[in-house]
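Heavy-atom basis, side chains included; hydrogens, waters and symmetry copies ignored. Nothing here was measured: the structure is a model prediction, and the numbers come from that model. Along the sequence shown, residues carry numbers from 1.
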Amino acid sequence: MQLQALTSPSLISTGRTFSSKQEVIQYLVKQLGEAGKLHSEEEYLQSVYDREKLSPTGFEGGLAIPHGKSKAVKEAAFAIATLKKPLTDWESIDPSNQVKLVILLAIPENEAGSTHLTLLAEFVRRLSNESYKNRLLQAKTNTELFEQLDKTEAQEETRAGKKLNKTILAITACPAGIAHTYMAAEALVKAGKELGVDVFVEKQGANGIEDRHTTALLKKADVVIFANDVAVKNEERFTHLPKLKTSVAAPLRNAKKLIEEALEKAEVTPKKQYNPSQTADSSPEDDGKKSFKTEIKDSILTGISYIIPVIVAGGMTLAVAVLISQAFDLQDVYAKEGSWLWLLRQLGGGMLGQLMVPILAAYMAYSIADKPALGPGFAAGVAANLIGSGFLGGMLGGFLAGFFLKFLKKHVQPKGTFAGFISFWVYPVIGTLVVGSIMLFVIGKPLAMINQGLIDWLGSLSGANALILGAILGAMVSFDLGGPVNKAAYTFCIGAMASGNFIPYAAFASVKIVSAFSVTAATIIGKKYFNKQEQEIGKQTWLLGLAGITEGAIPFMINDPLRVIPSLIAGSAVTGAIVAYFNIGLNVPGAGIFSLALLKGQPALLAASIWLGAALIGAIISTILLILTRKSKVNKEKKSSIKTQDAA
């Protein structure tokens, strides 16, 4: 990159004296304005001050690079000042930094993701060479400094006799995903070359993951450095490596020291055997790309990991509200809008009914196409709620958003003048409009028709054999755990209740216990067939079942739908059939376990025994099926793993 193309001798000042950081910035802004680079000096100056509030722009070794991105900038440019007397009040990554060289970058707003990053990275790379920096500082005139800008020296890759047979991986990530992410990466690579160590840096920035570590590198590496101020994506890929964790600013202060510490850690804590099955990136391909099957699997697992806290917290909050209302006869308070119990109910219900599906869809999309897919993913989830498609619709929306954004990123890449515009406008806006429109106008209407068709079909069965109707209702309740099929069954039961037929809702309420109880029992009895995460979820779901909340089983259903759905349906159908066969009725919706005291159609004790007994029988059936199907899956995976090892 030719730095001289973005400045001129008139924008360079040598040997100046300033009393404060503000005075330097104001002076350089005025220089840029007089050179015709700005539409408005005041507006641009404000953008520089706004940036100063976010994080330090002083670095180390006497360097400061303030910058502003604004519509007030006509074209990308920079101004330079060398100071006769160093400034000590400039907020810097290195607290002892005394600023002697100030480079002010002026970037048009639509070049935030392109020219900005390129220019920053180029300055950091060149100024990390002490001799280059000293030539700029020692320049006597503006013209001399201008001429030195593009006079760089080729540095030796390694120093003679210092090449080490070590490989270090690194992740850099900062909140904005722009400046420090790339500058820290540059500092680590440079320090690695000087120390004779191979350093490979994965940048997790505004456009997602760049230079993703391949499977070959994951196997070869000796240690990993996490230089981050935000959560690292797919950190589980590095479980086999010793880790050194620090802030994203640390490499800018002393990258060599970090690498030396990492090498010491590698000596003290040797790496473990690399196991692809325990990582998010298990592709055997050297380019790190995932197969379609792996991408689908990782997307589902990512979505599950993010909705579990929402399901547990929301479900338990709603359960507490339901149980309090029933235990203390506070149904009127529970139903009164604005009351404390109503608000508690809304909080829990909102987390399950409003947040869960958008979070699921967003993070499934995020797994496929990184940060640019988050906005469209959330939009897909909101659309799924609007059309009432439940978590199955949310999953579909997550896949749709992820793969559409992946396609968009491949064919509309953020390069050149419009890079920032593409990253921060095209991806989220076009993605949201396309994905949201498909969800609302293509999927929504057919789904509504199917839903109404199910309700009408159930109505046609109401006069038929009660056992068949109960079995069908039971199967529908556990088919999608709160989705459109479940909602169709609920709507029919409420309609039947309004018409004086209380049997369907009694079957519906009993079946809602089945999925929760069976998941808890399966993860306790067949503990060895379920992972730690599933075991922890299983401990909670029985409590949700007491309140008539089915959503606790959703993570299991998403993770393994072909086995879990039939297992839950089988037990639920039996439960529904038993309750309906014995003409047990219930005329209070949403009563959970307290339905036992409100049942009709049989003597109180007999009705309660049949209703709860039917739920327990269904739960036992589903538990057995959940364990048997999971055992079969685990055994198949073991056999497949053995065959793969033998072939290798």
Side-chain angles (χ1 to χ4, degrees), residues 296 298-319 345-369 373-405 428 431-432 434-448 450-451 476-491 512 515-516 537 540-541 544 549-561 564-565 568:
I296 292 293
D298 289 351
S299 174
I300 291 172
L301 292 176
T302 301
I304 291 174
S305 70
Y306 279 97
I307 64 165
I308 285 173
V310 177
I311 290 176
V312 173
M316 292 304 298
T317 302
L318 182 57
R345 164 192 169 192
Q346 294 301 311
L347 176 62
M351 291 181 75
L352 293 178
Q354 298 171 25
L355 282 182
M356 183 186 70
V357 173
I359 288 173
L360 172 66
Y363 284 99
M364 286 179 65
Y366 171 66
S367 175
I368 296 169
L374 275 175
F378 275 112
V382 171
N385 281 343
L386 289 173
I387 63 177
S389 62
F391 80 88
L392 292 175
M395 289 179 68
L396 176 61
F399 288 134
L400 184 62
F403 286 112
F404 178 72
L405 263 294
T432 295
V434 171
V435 174
S437 297
I438 293 174
M439 292 291 293
L440 292 173
F441 307 122
V442 177
I443 297 172
K445 289 185 178 180
L447 191 67
I450 292 171
N451 204 43
M476 291 177 68
V477 170
S478 293
F479 176 77
D480 56 359
L481 303 177
V485 176
N486 177 293
K487 288 291 194 297
Y490 174 76
T491 302
K512 291 178 79 175
S515 60
I537 301 169
Q540 321 281 340
T541 53
L544 302 182
I549 298 169
T550 61
E551 281 83 354
I554 284 178
F556 291 82
M557 189 173 281
I558 294 175
N559 194 25
D560 194 9
V564 174
I565 291 176
L568 296 183

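Looking at Leu352, Leu355, Ile359 one by one, the single match for side-chain contact (heavy atoms from CB on, under 4.5 Å) with Ile307 turns out to be Ile359.
Looking at Leu405 and Tyr366, their side chains never come closer than 4.5 Å, going by heavy atoms from C-beta outward. Looking at Phe479 and Ile565, their side chains come closer than 4.5 Å, going by heavy atoms from C-beta outward. Residues Ile311 and Pro555 have side chains in contact (heavy-atom distance under 4.5 Å, counting atoms from C-beta outward). Using a 4.5 Å cut-off on side-chain heavy atoms (C-beta onward), Met316 and Leu544 make contact. In this structure, Leu481 and Glu551 have side chains that are not in contact, with every pair of non-hydrogen atoms separated by 4.5 Å or more. By the 4.5 Å heavy-atom criterion applied to side chains, Ile558 and Leu360 are counted as neighbours.
Looking at every heavy atom in both residues, Gly397 comes nearest to Val435 through O-CG1, 4.3 Å. Of all heavy-atom pairs between Gly393 and Ala384, the closest is C-CB, 3.9 Å. Taking both residues in full, the closest heavy atoms of Ala313 and Thr317 are given as O-OG1, 2.7 Å, listed atom of the first, atom of the second, then distance. Across all non-hydrogen atoms, the minimal contact from Leu447 to Ser389 is CD2-CB, 3.2 Å. The shortest heavy-atom contact between Pro358 and Phe378 is O-CD2, 3.6 Å. Nearest heavy atom pair, residue Gly377 against residue Ala361, reads O-CB, 3.3 Å.
A distance-only check finds no donor-acceptor pair linking the side chain of Ser367 to the backbone of Tyr363 [under 3.5 Å]. Checked by atom type and distance alone, the side chain of Thr550 never pairs as donor or acceptor with a backbone atom of Lys512 at under 3.5 Å. One N or O on the side chain of Asn385 and one on the backbone of Gln354 form a donor-acceptor pair closer than 3.5 Å.
To the nearest 0.5 Å, the span separating CD1 on Ile537 from CD1 on Ile304 amounts to 7.5 Å. Taken to the nearest 0.5 Å, the OH atom of Tyr490 stands 10.0 Å off from the CG atom of Asn486. Taken to the nearest 0.5 Å, the CG atom of Asp480 stands 7.5 Å off from the CE atom of Met557. A distance of 6.0 Å separates CG in Leu568 from OG in Ser515, rounded to the nearest 0.5 Å. With rounding to the nearest 0.5 angstrom, the CE atom of Met364 is 5.5 Å from the CD1 atom of Ile300.
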- Phe404 and Phe399: CA distance, side-chain angles, deciding distance, side chain to side chain contact (heavy atoms under 4.5 Å, CB included) verdict: CA-CA 8 Å; Phe404 178 72; Phe399 288 134; over 6 Å; no

